[in-house]
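Both ligands and their constituent atoms are indexed starting at 1 by order of listing.
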Amino acid sequence: MTDQNEAELSGVPRKRKVAHQSTTLGNHKLHPSTMMMGYGFDPALSEGSLKPPIFLTSTYVFESAADGKRFFEGITGVRPGGAEGLVYSRFNGPNQEILEDRLALWEDAEDALVFSSGMSAIATTFLALVRPGDVIVHSAPLYAATETLIARILGRLGVTFLDFPAGATQAEIEEVMRRAAANGRIAAIYLESPANPTNALVDVEAVRDARAAVLGGGDELPPIIIDNTFLGPIWAQPLRQGADLVIYSLTKYVGGHSDLVAGSVLGSKAAILPVRMTRNTIGTITDPHTAWMLLRSLETLELRMDRAGTNAKLVCEYLRDHPKVERVGYLGFLEPGSRQHDIYTRHCHGAGSTFSVIVRGGEAEAFRLLDHLKLVKLAVSLGGTESLASHPAAMTHLSVAPARKAEFGITDNLVRVSIGVERPDDLIADFDQALAAV
Ligand SMILES: *Cc1c(COP(=O)(O)O)cnc(C)c1O
């Protein structure tokens, strides 16, 4: 997108918002946390309103026919980077654009798009990239709906897939890519890290190097796409390790209050362009009200994730020493010297607040723990202000075949926990009384 000064110089006043405010104060570079309070919005353009109004309109009035033409050049992709002005609410809107500008700041991404859900972000991205006969290479396991999308829905369109386990080495990833390339054009390399619910990390740098080793360095390389919902954007920023597109379910940590469903895709303008064109065509953009809620959420993103991360460490330390707990699958407890620990130190700034508790026993013991927790609510999802616990084998991963469950360690005694921003001693007291009843 052109910035305001450029637009003014070309005689085109920008009406929708301040396009790109400064990210510095003199020589001082501002932190994204600070910029969440004002970046990309000029109150003077909205009656002085401190906060952006919610723009409830389906269409926008052009000042001239020439403006309309120029804006459509952005919509149709004649010029990359999206429309210069507002056109129609299936393509863009002020609330969504301010949100996209602010999301991009956290990862120094050139461009960002917001979607009606994490899954619509993932589906729109795949739809933009695949053709019949293509192969998708992906890490495993993936979020269950993503696995269904790839195997069943894209499968119906003549797209096949090959996967490698999260944590695979570069040589193992290369081997899978070679087999995939022999089956057809590789349309995308799709990753999810850490894998849910086992927290196994994917080595994005090894994936990048494997792609270069197998497919060379041309322009037509399949993009490396990564679902960064569990650790991003505070604890992991995989564009730095070589990912081309980063995907979020904003429903989780970014939304952070368990009160909305949304998604996003971040990356370079070139990598985003086909995804933007597809979103424009099918209308998977988020609505202005949800975008506004997310702007509010972003103001406290770092505060919330910092607190949740500190809480999770304390709760995990308590759980690790409990006699009824076999093991805690928490990134903060990775064995120094292990491959997973090496990936962690190269890729992550924090261990997150979502982990697994493997209780001694089986489903009965796991269910007793879940049924006796009082503060920690029994619900799927994660990343909210409140702590949640669930049973992947019987709930989110129920449809996963038994052999695959065993392969990925999704056992009957595994409870997944997402820690929120409560007081840590209260959370520990809750686990203490619930474990006493197991
Ligand atoms: C929740 C989730 C999704 C799907 O997001 P929705 O917003 O529910 O569509 C995708 N990936 C991961 C890792 C998730 O946790």
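In this structure a side-chain-to-backbone donor-acceptor pair under 3.5 Å is present from E110 to K269.
Each of the following atoms of ligand 1 lies closer than 4.0 Å to a heavy atom of E192: 13 (C). Applying the 4.0 Å criterion to heavy atoms of A262 picks out, from ligand 1, the atoms 7 (O). Taking a cut-off of under 4.0 Å to the non-hydrogen atoms of F230, the atoms of ligand 1 that pass are 13 (C), 15 (O).
Considering only non-hydrogen protein atoms, atom 8 (O) of ligand 1 sits nearest to Y143 OH, 3.9 Å. Of the protein's heavy atoms, G118 N, 3.4 Å lies nearest to atom 6 (P) of ligand 1. Nearest protein neighbour of atom 9 (O) of ligand 1, counting heavy atoms only, is M119 N, 2.8 Å. Of all protein heavy atoms, the one lying nearest to atom 5 (O) of ligand 1 is S249 OG, 3.0 Å. Looking from atom 7 (O) of ligand 1 to the surrounding protein, the closest heavy atom is T251 OG1, 2.6 Å. Protein heavy atom at the shortest distance from atom 2 (C) of ligand 1 is K252 NZ, 2.5 Å.
Side-chain polar atoms of T146 and E192 form no donor-acceptor pair below 3.5 angstrom. Remark: the E174 side chain and the Q170 side chain contain an N/O donor-acceptor pair separated by less than 3.5 Å.
Contacts of A104 classified as side-chain contact (heavy atoms from CB on, under 4.5 Å), with partners at least two apart in sequence or in another chain: A109, A112. Checked against side-chain hydrogen bond (donor to acceptor under 3.5 Å, both in side chains), E407 has no partners two or more places apart in sequence or in another chain.
Outside the 6.0 Å centre-distance limit, the rings of F161 and Y190 are not counted as a close aromatic pair. Aromatic pair Y248/W106: ring centres not closer than 6.0 Å.
Heavy atoms of D227 come nearer than 4.0 angstrom to ligand 1 in at least one pair.
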